[in-house]
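Scroll down for the structure; my scribbles are underneath it.
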There are 2 protein chains.
Amino acid sequence: MEETNTLMDRLYGYLHKKGLKQTKQRDLIARTFFSLNTHLKIEELLVEVQKKDPKVGYVTVYRALKLLKESGLAHQRHFGEGQSLFEPAGGGHHDHMICIKCGNITEFEDEVIERRQEEVAKKIGFKIVSHRHEIYGACPKCQEE
Amino acid sequence: MEETNTLMDRLYGYLHKKGLKQTKQRDLIARTFFSLNTHLKIEELLVEVQKKDPKVGYVTVYRALKLLKESGLAHQRHFGEGQSLFEPAGGGHHDHMICIKCGNITEFEDEVIERRQEEVAKKIGFKIVSHRHEIYGACPKCQEE
DNA sequence: TCCTAATTGAAAGTTAATTTCAAATATCAT
DNA sequence: ATGATATTTGAAATTAACTTTCAATTAGGA
């Protein structure tokens, strides 16, 4: 996968810059994460990783994701309650629509909302650093039933 | 406080309807919560409640807030990480701006964003049940320094 | 007042995240 | 290639926030 290799290179660059090491576990975890290219719980990624190497433990996946987050290559999301999800930080900014029935997550981006939000903040003199906008409801598939 | 009494009446109505009991602890907790009228962690509300009655425990505050939530008189929010916050559900819907320096929370509501969000969802056939829109950054006061 | 179901509070249990630590491993300098 | 050394790994222990359990207490209708 093309994209995965680019992201791996970025990871190697970060590791080198920080004096950290390249290990086979980290390599496997990051590669798996990037190629799945979706929103995953730590446990879910662990399962995928263990298909390749059953000896890798939860903590190693946990730490690898933490590292990816620090390096800017992954985002950690906290939808609703429960475990957090990680997603590769490939494209630009986007927000999320979460199906409360099947759990499916759709990304969206809307220029009008983004701009309007800037205006709302400016009006009260608030300086935006980040934001999250999540829409919960039923995806098309789950409305059929 | 006028508003507090109205909310207390709504609570009593709910309790009666559900066959639940009116107790001095619940009364104190709800009254304190409504009169503070802000975003509070369970622990924070506990501290306030204990100023009046030191014997009230964490679990009782926890359960009282759960009840207020079920009755629609409080909303539970999960900003960032850590503990959740509860706020009285007095007014209508609103979203939040959170200062990442001082923790101050400002509410906002914008018709343009609300409407636009409906359109975005409609476009992909997603049926909105709820949403949350949080803006993180620096409040006016924290930008001065 | 009495009876019964609801409530309280302390302690125990749960869930997800995080830290600790000894053994293993990667990288740097020979 | 070899050795020295700092990093990494994985299991187990710890933490943090929330939730449940259970015996004793209390509210409120009969």
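Below, chain A is the first sequence line, B the second, and so on; all start at residue 1.
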Qualifying residues under side-chain hydrogen bond (donor to acceptor under 3.5 Å, both in side chains), relative to B/E144, sequence neighbours excluded: none
Side chain A/Q143, main chain B/G125, donor-acceptor under 3.5 Å: yes
Contact check, side chains of B/L36 and B/L40, non-hydrogen atoms, under 4.5 Å: yes
Nearest-nucleotide 5' precedence on DNA chain D, B/K66 against B/K21: B/K66
Nearest-nucleotide comparison on DNA chain D, the residue closer to the 5′ end among B/H16 and B/G82: B/G82
With sequence neighbours excluded, residues passing side-chain hydrogen bond (donor to acceptor under 3.5 Å, both in side chains) with B/R77: B/E87
Pairing residues for B/Q25 by the side-chain hydrogen bond (donor to acceptor under 3.5 Å, both in side chains) criterion, not counting sequence neighbours: none
B/Y14 side chain vs B/D9 backbone, donor-acceptor pair below 3.5 Å: no
d(CG, A/L20; C1', C/dT27) in whole Å: 12 Å
Salt bridge (Lys or Arg N to Asp or Glu O under 4.0 Å) partners of B/R116, counting only residues at least two apart: A/D110, B/E119
Terminal contacting nucleotides, 5' and 3', DNA chain D versus chain A (heavy atom, 4.0 Å): D/dA6 to D/dA12
Rounded distance in Å - CD (A/E44) to P (C/dA16): 12 Å
Contact under 4.0 Å: B/T23 side-chain N or O vs C/dA6 OP1/OP2: no
Distance, rounded to the nearest Å, where B/K24 contributes NZ and C/dT8 contributes C1': 9 Å
Residue pair B/H96, B/H39: steps toward the side-chain hydrogen bond (donor to acceptor under 3.5 Å, both in side chains) verdict: CA-CA 11 Å; B/H96 300 84; B/H39 301 77; 3.3 Å; yes
Interface polar pairs with nucleotides 9-11 of chain C, N/O, under 3.5 angstrom:
residue, atom, partner, partner atom, Å
C/dG9, OP1, B/K55, O, 3.3
C/dG9, OP2, B/T60, OG1, 2.5
C/dG9, N7, B/R63, NH2, 2.5
C/dG9, O6, B/R63, NH1, 3.3
C/dG9, O6, B/R63, NH2, 3.3

Touch class at under 4.0 angstrom, heavy-atom based, for A/Q22 against every strand present: sugar-phosphate
